[in-house]
Every structure is written in structure tokens, then in C-alpha cells.
Amino acid sequence: MLTGRQIIHAIATAVKWMLALSIAFELWVSLVWRGPILPHFVRPGPDFAGDPIQFWSRDKLFTDDRIQGIFGNANSLAYIALLGLVVFGLQLVTRDAARWPLVAWLGVSAFCFWRGSSATATMCALAIVIVIAVVLLMRRAPDAATRRVLYVVFVSFGVALVTTLWVFQDELFDVLGRSSDLSGRKEIWATVLERFAQSPLYGWGYSVPWVPTDPSFDGWIVDRGVSVMQAHSTWFDVAMQLGVVGVVFFAVALGAFTWRAWFLALGRVPEPGEPRAPRSRLLLIPALVATILGVQSLTESSPLLNWGWFLLVMLAFAIKQAPARLRGTPVRRRSTLAAAWPLEGTR
């Protein structure tokens with residue numbers, strides 16, 4: 001029902017609401033409620049013996065500690081803030097909306113990203129910077145041969161970077177202020193793999209997030225007194241719930257979305273003598289969303305639920321409906337549902 005530009009504007013509006021509500025909520029907690037708050041607007045008593053992980057907000061807005069926003073989770077706040085930095089930044093560069101409101105929302109996004117202080121979100125941001133640089137360089141390739149050479153160079157660089165990060169992971173975690181066991185994730189993954197091994201082909205059945213009161217999950221994995229509601233890795237989660245079959249299907253879904261988003265961002269190499277068509281930088285947004293979801297899937301199950309899965313499905317089908325010349329793929333058949341993606345401008 002929406003054009004490509006309308007989809008981008010809808011994402012921007014949703015992010016604004018989430019960030020604004022998060023700031024407003026944290027201000028209300030600090031100035032009106034004055035203290036930590038549990039879910040359902042419950043004030044913890046003086047004899048509260050639970051872990052701070054249970055708090056909806058820990059009342060840390062006016063400190064240097066992490067804030068959790070309306071989500072009750074600092075990581076979720078950081079991811080939405082990163083999405084805001086991507087969308088608002090590209091809208092500002094392309095002059096897709098009024099300048100000064102976008103500058104203000106970029107400031108809000110940067111503040112929430114900083115105060116969310118998520119290690120995985122920081123890695124997503126690094127990956128986004130690399131992807132933007134690669135796409136802009138690839139767009140300038142004069143012919144297909146040059147683009148193939150760039151592919152080899154960038155893939156080699158990517159393999160070297162991942163290998164380096166793996167070898168020096170302990171030092172990296174020290175820099176990010178995180179423990180080398182990924183905040184207990186390794187123990188969770190080992191437990192999930194044990195259950196996966198009992199039914200490896202089809203898994204145990206789908207449930208995201210895990211229902212903490214369900215007998216299959218209640219008390220199964222407990223972190224600081226709270227029943228864990230996800231495997232903290234999309235791949236481990238899918239493997240345990242849907243087995244090898246599910247992992248294959250999810251890999252195909254994420255791979256197809258990433259493939260489409262990549263070529264939408266990149267565009268087609270012009271034929272000899274053919275002028276290079278102007279290409280909006282707003283077309284980078286699906287590729288950057290794919291980057292966030294790809295990196296996030298390693299240590300979070302969020303791509304399976306909430307905005308992650310929603311954007312994956314929506315953008316994948318929206319790109320498929322766009323004209324073939326815009327998708328950067330050969331024209332094989334005419335689409336009857338061609339969406340009007342942003343075409344004008346060279347920014």
C-alpha cells in the first residue's frame with residue numbers, strides 16, 4: 001500500500017515516537033516517580049531483594065549509567081537509536097525533510113545510543129560505517145570488471161577483520177567494557193544447544209519470545225533470578241525451536257532480504273556509453289537495516305520479533321515490487337505491483 005518513500009517516512013515517524021516516549025518516560029521516572037520502577041508501575045519496597053535487571057527503569061537519566069527507555073531494556077533502546085541515526089542521517093543528507101527538526105532528532109538518537117551503551121549496537125554501528133563506505137565506492141565503479149575487483153578486495157578485508165576481531169575478542173570486550181563470556185550468553189547457548197541436540201531436525205516448536213510461565217521454559221534458564229525469554233542469538237533460538245529445517249529457512253529469508261537490499265543500494269552498472277542515472281542515498285536504508293539485523297542476530301533474538309522481523313518482511317517484499325531497473329537486477333518480467341521508490345536526486 002505504501003511507496004518506498006512513504007515506508008521510510010513511516011519508519012522515521014515510528015522511531016521518533018519510540019525515542020520521544022523513552023526520554024519522556026525516563027524524565028517522569030526521575031522527576032515525578034523519583035526512584036526505580038518495576039513493570040506495571042510497581043515501586044520496589046525497601047526489602048526488595050531482586051536484581052536490577054527486573055526494573056522497568058532504574059532511574060539513571062541524570063547519572064552516567066545506562067538508561068532503558070520505554071522498552072525497559074538498554075539494548076533495545078540503543079538499537080532503535082541506531083536506526084534513527086541511519087534514517088534521520090540519510091534524510092538530512094538527501095534533504096528529504098526539514099533540516100533543523102532532523103538535526104534535533106539526530107541529537108536525540110545520538111543521546112539515546114550513547115546512554116543505551118550496547119556493545120552489539122556499537123558493533124552494528126561500525127558495520128554500518130563500513131557498508132556505507134563500500135556502497136558509495138562500488139557505485140562509482142565505471143564497469144562490471146572494476147566492481148568485481150572491488151568485491152574481491154572488500155570480501156578479503158571483511159574476512160581479515162572478522163578474523164582479527166575473533167583472535168583479539170578478549171581485548172575488544174575490555175575496550176567495550178563487557179565480559180568475555182558475552183554477559184552470560186555462552187552459558188545460555190550451551191544450554192540451548194543441549195536441548196537442540198535432542199531434536200535437531202525439526203526442533204521443539206516455535207515460541208518467540210519464550211513464555212516464562214510455560215513449563216518448557218519456566219525455571220529452565222534463570223539469569224539473576226529471572227527466567228530467560230530468548231536464547232540471545234537468533235541462530236541458536238531458531239535451531240532449538242525449528243531445528244535444522246528452520247535454520248535453513250531463516251538463512252534463506254535473511255539472505256534474500258540482504259541480497260535484494262544490497263543491489264537496491266548499489267544499482268546496476270551502466271552499459272558502455274550509457275549515462276549513470278542519479279541514485280538517491282535513501283536507497284541505502286534497507287541495506288543498513290539488513291546490516292543491523294545481521295550483526296544483531298549473532299547475540300540477540302530480536303530479529304525474530306518486534307520491529308526486526310517486521311522490517312525484514314516489509315522491506316523484502318517492497319524491494320521485490322520495485323521496478324527491476326531500480327533493483328539493480330536484469331529485467332526478467334514486468335512487475336504489476338511496482339512500488340515508487342525514491343528515484344530523484346544524486347545525493
Side-chain angles (χ1 to χ4, degrees), residues 1-22 70 76 79-109 112 124 128 131-132 135-136 139 253-254 256-268 277-294 296 302-303 305-329 331 333-347:
M1 297 298 294
L2 302 181
T3 67
R5 188 177 295 278
Q6 289 171 334
I7 288 174
I8 292 171
H9 289 173
I11 293 172
T13 300
V15 171
K16 290 174 184 177
W17 273 101
M18 287 185 278
L19 295 180
L21 285 172
S22 293
I70 199 72
S76 298
Y79 289 126
I80 289 297
L82 179 59
L83 183 62
L85 288 172
V86 167
V87 176
F88 302 143
L90 289 175
Q91 284 186 315
L92 183 63
V93 168
T94 57
R95 301 176 185 174
D96 187 56
R99 179 181 180 183
W100 291 113
L102 284 177
V103 171
W105 283 113
L106 274 172
V108 173
S109 299
C112 291
C124 289
I128 282 174
V131 169
I132 290 175
V135 169
L136 295 182
R139 279 186 178 186
L254 182 60
F257 168 50
T258 304
W259 180 272
R260 293 176 185 177
W262 174 256
F263 285 103
L264 179 74
L266 209 57
R268 184 174 57 85
R279 198 164 188 82
S280 172
R281 290 184 181 177
L282 288 175
L283 296 174
L284 281 163
I285 289 178
L288 300 183
V289 169
T291 301
I292 294 174
L293 295 180
Q296 187 185 29
S302 301
L305 66 160
N306 299 334
W307 66 272
W309 188 250
F310 173 74
L311 288 189
L312 189 155
V313 174
M314 179 177 66
L315 292 176
F317 280 95
I319 296 170
K320 185 65 175 177
Q321 293 169 8
R325 71 180 188 282
L326 181 62
R327 299 199 306 264
T329 56
V331 180
R333 64 180 181 274
R334 180 176 299 174
S335 173
T336 57
L337 299 171
W341 283 85
L343 294 167
E344 69 283 357
T346 57
R347 294 181 176 276

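Count residues from 1 along the sequence. Computed over heavy atoms, backbone and side chain alike; hydrogens, waters and symmetry mates excluded.
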Criterion side chain to side chain contact (heavy atoms under 4.5 Å, CB included) against Val289, the qualifying member of Leu312, Val87, Leu311: Leu311

Residue list, side chain to side chain contact (heavy atoms under 4.5 Å, CB included) with Ile132, at least two apart or on another chain: Ile128, Leu136, Leu288

Nearest-0.5 Å distance that lies between atom CG in Leu21 and atom CD1 in Ile70: 5.5 Å

Candidate pair Val135 and Trp262, rule side-chain contact (heavy atoms from CB on, under 4.5 Å), full reasoning: CA-CA 8 Å; Val135 169; Trp262 174 256; 3.5 Å; yes

Trace of the side-chain contact (heavy atoms from CB on, under 4.5 Å) decision for Leu19 with Ser109: CA-CA 7 Å; Leu19 295 180; Ser109 299; 3.3 Å; yes

Separation between CG of Leu92 and CZ of Arg281, rounded to the nearest 0.5 Å: 12.0 Å

Gln296 versus Ser302, closest heavy-atom pair with distance: NE2-CB, 3.3 Å

side-chain hydrogen bond (donor to acceptor under 3.5 Å, both in side chains) partners of Trp307, counting only residues at least two apart: none

Value rounded to 0.5 Å, distance of CG in Leu264 from CG in Leu283: 4.5 Å

Side chain to side chain donor-acceptor pair (under 3.5 Å) contacts touching residues 80-91 (sequence neighbours left out): Gln91-Asp96

Considering all heavy atoms, the nearest Leu90-Thr94 contact: O-OG1, 2.7 Å

For Pro286 against Phe257, the heavy-atom pair lying closest together: O-CZ, 3.6 Å

OG1 on Thr258 to CZ on Phe263, rounded to 0.5 Å: 11.5 Å

Leu82 versus Cys124, closest heavy-atom pair with distance: CD2-CB, 3.5 Å

Pairing residues for Ala14 by the side chain to side chain contact (heavy atoms under 4.5 Å, CB included) criterion, not counting sequence neighbours: Met18

Contact summary for Ala265 and Ala287, nearest pair of heavy atoms: CB-CB, 4.0 Å

Main-chain N/O of Ala318 paired to Arg260 side chain as donor or acceptor, under 3.5 Å: no

Value rounded to 0.5 Å, distance of CD in Gln6 from CD1 in Ile8: 10.5 Å

Only distances under 3.5 Å count here; give the side-chain donor-acceptor pairs of residues 101-108 to other protein atoms, sequence neighbours excluded, each with its distance to 0.1 Å.
none

